[in-house]
There are 2 protein chains.
Amino acid sequence: MHSQETHLTEIEIEDRLKQHGYRLTAPRSVIVEAVLRHNRPFTAEQLVAELGDGPDAIGRATVYRTLEVLASVDVLTRIVSPDGHPSYISGAPGHRHHLLCEECGTTVTFTACPMNDLIDTLATDTHFLIKDHTLEVFGICPSCQESRS
Amino acid sequence: MHSQETHLTEIEIEDRLKQHGYRLTAPRSVIVEAVLRHNRPFTAEQLVAELGDGPDAIGRATVYRTLEVLASVDVLTRIVSPDGHPSYISGAPGHRHHLLCEECGTTVTFTACPMNDLIDTLATDTHFLIKDHTLEVFGICPSCQESRS
DNA sequence: ATCAGTATTGATACATGGTGTCAATACTAT
DNA sequence: ATAGTATTGACACCATGTATCAATACTGAT
């Protein structure tokens, strides 16, 4: 019911972009490679900092746009923490939620969603047409608990 | 299991501020009155726009600080939508979640939280110390569904 | 292999949402 | 009434993200 994420390869990701009608460009390859190096949630600004200078610098706008594109083809998931700061997590097609360590960012993905029953009840009772929900869990992972004490 | 919110009065809110050691000031009264006029979620910037000019204008920083204070004493709840934009909802002490209409902002509060079981399972399986979770539901309310068709 | 068409890029400027500073003000307990 | 201190608001600043637009580069068709 929960698992570490299995990652797509660069080639699979680029295929997926093509299938959705996106062009394969040098900056996108660089960004995909950078994304694959992260196995923790990262922010757009972190990527900008990594890729935004040097000889083959990639523009801020391109980084933001590409992250959006990758999220739209289910290569990345964008999650928003309770303080409103978004970050991206590699690989998360389908309906998933995450358990994040607030200290080190370790992420556990789980597919068990307890919302289905609740959504039915809410829909019946309120007559809302229910479209979406957020559900993310935050805590401290075992190794951070240890290094605290 | 779900309900429209019952509102505190201005006096009750000001008592609550005092009980927490906050002073009663003119700007805070103005902000509390403004908050009570809203029965839909609102953003900090909306309040700034309402109160930020005219003869008794209230500074942007004061508005932001006061909203934080009101949230800290459970007069307001701050929720963050999937796109990362925070808004405030009047009156929500305790553990509550919300069902929001994406079109008109109508909000239904519910206390049924399906997370308890899941959290126990997650804690057992991952050994995380679980601290917090987000859970908000978004949809279209009955009256907006009607005016669509 | 070349070409034309168009998606993409990146520089820049701008927009939005929020925070830090600090002197001046105003609340509260005494 | 006064002293002490929380609070205010002006301002500058920061962080995150977006719009514009000319220049570039990918792609499919030839």
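Residue numbers start from 1 in every chain, and the chains themselves are labelled A, B, ... in the order their sequence lines are given, proteins ahead of strands. Values in this document were obtained by computation on a predicted structure and should not be read as measured data.
- Contacts of A:T25 classified as side-chain hydrogen bond (donor to acceptor under 3.5 Å, both in side chains), with partners at least two apart in sequence or in another chain: none.
- For the side-chain hydrogen bond (donor to acceptor under 3.5 Å, both in side chains) test, residues two or more places apart in sequence or in another chain that qualify with B:R60 are B:E45.
- In this structure, A:I58 places its CD1 atom 11 Å from C1' of C:dG10, rounding to the nearest Å.
- B:S90 has its side chain within reach of B:V35: a pair of non-hydrogen atoms, C-beta onward, lies under 4.5 Å apart.
- Every residue meeting the side-chain contact (heavy atoms from CB on, under 4.5 Å) condition with A:H127, not counting sequence neighbours, appears here in chain and number order: B:P142.
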| field | Where protein sits on nucleotides 24-30 of chain D, one letter per nucleotide: B base, S sugar-phosphate only, - none, heavy atoms under 4.0 Å | value | -BBS---

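- Looking at residues two or more places apart in sequence or on another chain, you find a side-chain contact (heavy atoms from CB on, under 4.5 Å) between B:E14 and B:E10, B:L24, B:S29.
- End-to-end axis angle for the helix from C:dA1-D:dT30 to C:dT30-D:dA1, using five pairs per end and rounding to 10°, comes out at 40°.
- For B:R65, the side-chain hydrogen bond (donor to acceptor under 3.5 Å, both in side chains) test picks out B:T62, with sequence neighbours left out.
- Residue pairs meeting the ring-ring contact (aromatic ring centres under 6.0 Å, His included) criterion with at least one partner in residues 43-62 of chain B, sequence neighbours excluded, are absent.
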Please list, for nucleotides 13-23 of chain D, all pairs of protein and nucleotide N/O atoms separated by less than 3.5 Å.
residue	atom	partner	partner atom	Å
D:dG17	OP2	A:Y64	OH	3.0

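- Applying the side-chain contact (heavy atoms from CB on, under 4.5 Å) criterion to A:A34, with sequence neighbours excluded, gives A:R37, A:L47, A:E50, A:L51.
- Closest to the A:T62 side chain, of the nucleotides D:dT8, C:dT8, C:dG10, is C:dG10.
- For A:D120, the side-chain contact (heavy atoms from CB on, under 4.5 Å) test picks out no residue, with sequence neighbours left out.
- Residue pairs satisfying the ring-ring contact (aromatic ring centres under 6.0 Å, His included) criterion with at least one member in residues 18-41 of chain B, sequence neighbours excluded, are listed as follows: B:H38-B:F42.
- Following rounding to the nearest Å, B:D56 (CG) and C:dA26 (P) show an atom-to-atom distance of 12 Å.
- Going from atom CG of A:L67 over to atom C1' of C:dT9 covers 15 Å, rounded to whole Å.
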